[in-house]
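A short worksheet on the structure shown next.
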Amino acid sequence: MKWDERRLKIIEYLRDKGINPYPQKYVITHSIVQLRKIGLEKNDRPKDPFLTNVRTAGRVANLRRHGKASFVDIFDEGEKLQLYLRVNELQNRYEQFFAEVDRGDIIGVGGDLFFTAKGELTLLVRDYQMLAKSLVEPPDWSKMSPEFRYAHRYVDFLYNDRARQTMERRYTIIREIRNFLNLEGFLEVETPILQPVYGGALAKPFKSHINYLDEDWYLRISLELYLKRYIVGGFNKVYEIGKVFRNEDIDVTHNPEFTLLELYWAYADYIDIMDLTERLFSHLANRVLGTHELKYHLGDREVVIDLGKFRRVSMFELLSDHLGKDVESMSDEELKSLMKTHGLVPRGSMYVRGLMIEKLFDKLVTPELVQPTFVTDYPQETTPLCKPHRSKPGLVERFELYIAGMEFANAYTELNDPILQDKLFNEEQEMMRRGDQEAHPYDRDFVRALGYGMPPTGGLGIGIDRLVMLFTNNSSIKEVIPFPMVSSKLIEE
RNA sequence: GGGCCCGUAGCUCAGCUAGGUAGAGCGGCGGGCUUUUAACCCGUAGGCCCCGGGUUCGAAUCCCGGCGGGCCCGCCA
């Protein structure tokens with residue numbers, strides 16, 4: 001590793017003086033966060049020290065030298081503390097401080113807390129200690145490029161307050177999802193990430209090799225088929241929050257690994273799941289935002305989304321409204337020419353009626369769904385894992401939740417008919433043979449599990465990263481994933 | 001998979017259209033300043049202009065090839 005020569009010399013200098021630039025321990029009396037809290041309670045902002053013999057620590061962000069009295073900002077856990085250093089208190093250690101300490105170093109400081117004339121909470125420093133000498137010059141935090149931030153996220157978290165706050169909110173959301181589901185009586189479970197057959201979604205997988213078995217296995221693309229095995233096995237309300245992996249493109253809404261919530265609920269159907277989904281979003285709005293009104297930046301306009309009101313409407317109704325004509329009365333040829341005018345290609349390039357309707361819906365109607373909308377009753381061809389509709393032939397009991405033009409949830413009355421499952425998987429095999437790389441593979445063990453008998457079940461999937469995008473007003477998935485995928489060349493640099 | 005843009009000091013970038021001594025701000029270093037908020041003032045060092053080839057008296061600049069990065073469109077959550 002190549003380090004900054006000047007900083008290396010400082011380390012040498014410190015060691016020569018018998019000072020360890022990386023000591024084992026520094027005892028603090030308060031964190032910076034705690035000191036700021038104390039400062040907030042001092043409404044009169046006393047100019048004289050009101051708390052003495054304080055010891056705290058943080059990272060040096062900014063040094064402002066003024067001759068014999070200087071100011072230094074240190075940060076910890078996203079909170080700033082200003083230090084005031086004076087020759088009067090530090091004597092010869094004053095000059096030493098500026099010879100030894102650079103931006104980015106982590107230091108411990110002891111002294112007295114007071115407010116400056118400008119009203120800034122400040123520590124009058126009486127002693128200091130190097131806790132970790134940094135060897136890399138911190139970047140100009142206002143000018144960090146997105147690529148740099150994503151490749152070296154720890155720097156982003158340190159110097160970009162928004163990135164830090166986005167992560168804090170991400171983990172609040174995940175914690176509140178768990179709280180909600182646990183209260184609803186769901187059990188959090190785990191399923192394998194390495195699987196002999198991938199499934200539960202239509203996507204290209206990552207392949208791996210198990211040396212011991214000398215077999216090719218896959219990284220999971222969803223949680224579905226194993227969670228349903230829990231349902232078969234007699235666990236009636238289960239959920240998992242975990243990473244899934246899809247070997248597809250990387251862009252502002254797609255990362256090859258992303259976090260998915262899936263839950264399965266025995267003796268429930270997709271209507272029950274819709275009700276549950278509404279309660280979940282309402283819970284999150286209350287706990288995370290403190291209101292059901294959410295502001296989101298959509299393109300160049302800001303929209304206010306009401307998370308207290310969910311519309312329920314069928315896909316056919318929405319598409320018919322948009323086209324100004326009944327979709328069911330349109331011929332396959334009409335649909336196909338409509339596809340062509342919009343430059344659309346259906347899944348696997350199969351111009352099947354149901355797939356064309358889904359594609360047209362995605363392209364034409366989805367962007368208009370700004371307020372929370374449950375879109376119900378999809379064509380059978382869109383998924384091999386959903387139960388046929390109880391009253392509408394050719395459709396399945398599926399819904400997707402759209403907010404701000406994005407998909408946030410996908411749910412089914414789950415297919416539990418083993419004979420139909422076998423047939424639909426076989427049809428997917430045919431799609432794969434015809435070149436659809438995202439067709440669903442046949443999972444023999446899963447069909448066998450259904451053969452043992454799975455109760456009627458409702459299931460739900462929610463992409464956590466996109467949910468965090470919504471709740472943090474971010475338009476790029478890279479902002480809400482702690483370590484988004486970027487080229488390794490960019491990371492290694 | 002199709003189209004567009006970029007690569008110059010440690011960092012952010014100007015210079016390229018119209019070829020003629022390599023520039024600024026920040027950061028570094030030296031000096032000044034005892035309540036500043038990205039402090040300020042004075043001085044100073046710092047370059048394989050991504051790599052290779054071509055055109056030319058002369059290339060950061062024009063042309064060709066390569067490498068690296070980004071953006072848009074199509075497909076996927």
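As the structure is a computational prediction, the values presented were derived from the model and not from experiment. Proteins get letters first, then strands, A, B, ... in listed order; numbering begins at 1 in each. All values below come from the heavy atoms of this structure, side chains included, with hydrogens, waters and symmetry mates left out.
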Please tell me whether A:Y218 and A:F206 form a close aromatic pair, meaning their ring centres lie under 6.0 Å apart.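 No - the distance between ring centres of A:Y218 and A:F206 does not fall below the 6.0 Å cut-off.
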Are A:D73 and A:L81 side-chain neighbours, meaning at least one heavy-atom pair lies under 4.5 Å?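 A side-chain contact under 4.5 Å is absent here.
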When rounded to the nearest Å, what value does the distance between [atom1] atoms of [N] and [M] take?
N	M	atom1	answer
B:G27	B:A38	C1'	12 Å
B:C57	B:U44	C1'	37 Å
B:A45	B:G23	C1'	16 Å
B:C41	B:C48	P	30 Å
B:A9	B:C51	P	11 Å
B:G20	B:C29	P	36 Å
B:C50	B:A59	P	15 Å
B:C13	B:C49	C1'	13 Å

Tell me if the side-chain of A:N88 makes a donor-acceptor pair with the base of B:U34, cut-off 3.5 Å, by modelled atom types.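 Flag set: donor-acceptor pair detected.
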B:U36 base / A:Q82 side chain donor-acceptor hit below 3.5 Å: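 Side chain to base: pair present.
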Can you measure [X] atom [atom1] to [N] atom [atom2] for me and round it to whole angstrom units?
X	N	atom1	atom2	value
A:L121	B:U35	CG	C1'	14 Å
A:L81	B:U36	CG	P	18 Å
A:E95	B:G30	CD	C1'	13 Å
A:N247	B:G1	CG	C1'	16 Å
A:R246	B:C76	CZ	P	12 Å
A:K204	B:G74	NZ	P	16 Å
A:I10	B:C29	CD1	C1'	12 Å
A:L63	B:C26	CG	C1'	15 Å

Indicate whether the side chain of A:Y402 and that of A:E400 have a donor and an acceptor atom separated by less than 3.5 Å.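 Result is yes, a qualifying pair exists.
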Under 3.5 Å side-chain donor-acceptor pair for A:E262 and A:Y264: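 Judged by distance alone, the side chains do pair up.
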Nearest-neighbour nucleotide for the [X] side chain, [options] considered:
X	options	value
A:R103	B:U36, B:C76, B:G27	B:G27
A:Y84	B:C76, B:U34, B:U37	B:U34
A:K68	B:U34, B:U37, B:U35	B:U34

Between A:E479 and A:R153 (salt bridge meaning N to carboxylate O under 4.0 Å), is one present in this structure?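 Salt bridge present between A:E479 and A:R153.
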Please determine if A:R220 and A:E240 form a salt bridge, counting it only when a charged side-chain N lies under 4.0 Å from a carboxylate O.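 Looking at A:R220 and A:E240, the cut-off is met.
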CG of A:L294 to CD1 of A:I403: how many Å apart, nearest 0.5 Å?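 Going from the CG atom of A:L294 to the CD1 atom of A:I403 covers 8.0 Å.
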Starting at the 5' end of RNA chain B, which residue's closest nucleotide do you reach first, A:D102 or A:I477?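 The residue closer to the strand's 5' end, by nearest nucleotide, is A:D102.
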Give me each pair satisfying salt bridge (Lys or Arg N to Asp or Glu O under 4.0 Å) with a member in residues 365-387 of chain A, each pair once, sequence neighbours excluded.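 Qualifying pairs, neighbours excluded: A:D377-A:K392.
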For the student: nearest non-hydrogen atoms of A:L415 and A:P384, plus distance: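 Here A:L415 and A:P384 meet closest at CD2-O, 3.8 Å.
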With a non-hydrogen cut-off below 4.0 angstrom, is [X] in contact with a base, only sugar-phosphate, or nothing?
X	answer
A:A203	nothing
A:F115	nothing
A:F408	nothing
A:N255	base
A:N410	nothing
A:E407	sugar-phosphate
A:K359	sugar-phosphate

For [X] and [N], is the shortest distance between a side-chain N/O and OP1 or OP2 below 4.0 Å?
X	N	value
A:K363	B:G74	yes
A:K478	B:G70	no
A:K118	B:U35	no
A:R6	B:C29	yes

Applying a 3.5 angstrom cut-off to the pairing atoms, does RNA chain B sit in any stems of at least three consecutive Watson-Crick or G-U pairs? List them by first number.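 If one scans RNA chain B for consecutive Watson-Crick or G-U pairs, the stems found are B:1-7 with B:67-73, B:10-13 with B:23-26, B:28-32 with B:40-44, B:50-54 with B:62-66.
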Is the cationic atom of A:R398 (NZ for Lys, CZ for Arg) positioned less than 6.0 Å from the six-membered ring centroid of A:Y378 and within 45 degrees of its normal?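 The answer is yes; both the distance and angle limits are met.
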Using the aromatic ring of A:H254 (for Trp, its six-membered ring), decide whether it stacks on the base of B:C76 within the limits of 5.5 Å and 30°.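 By the stated criterion, A:H254 and B:C76 stack.
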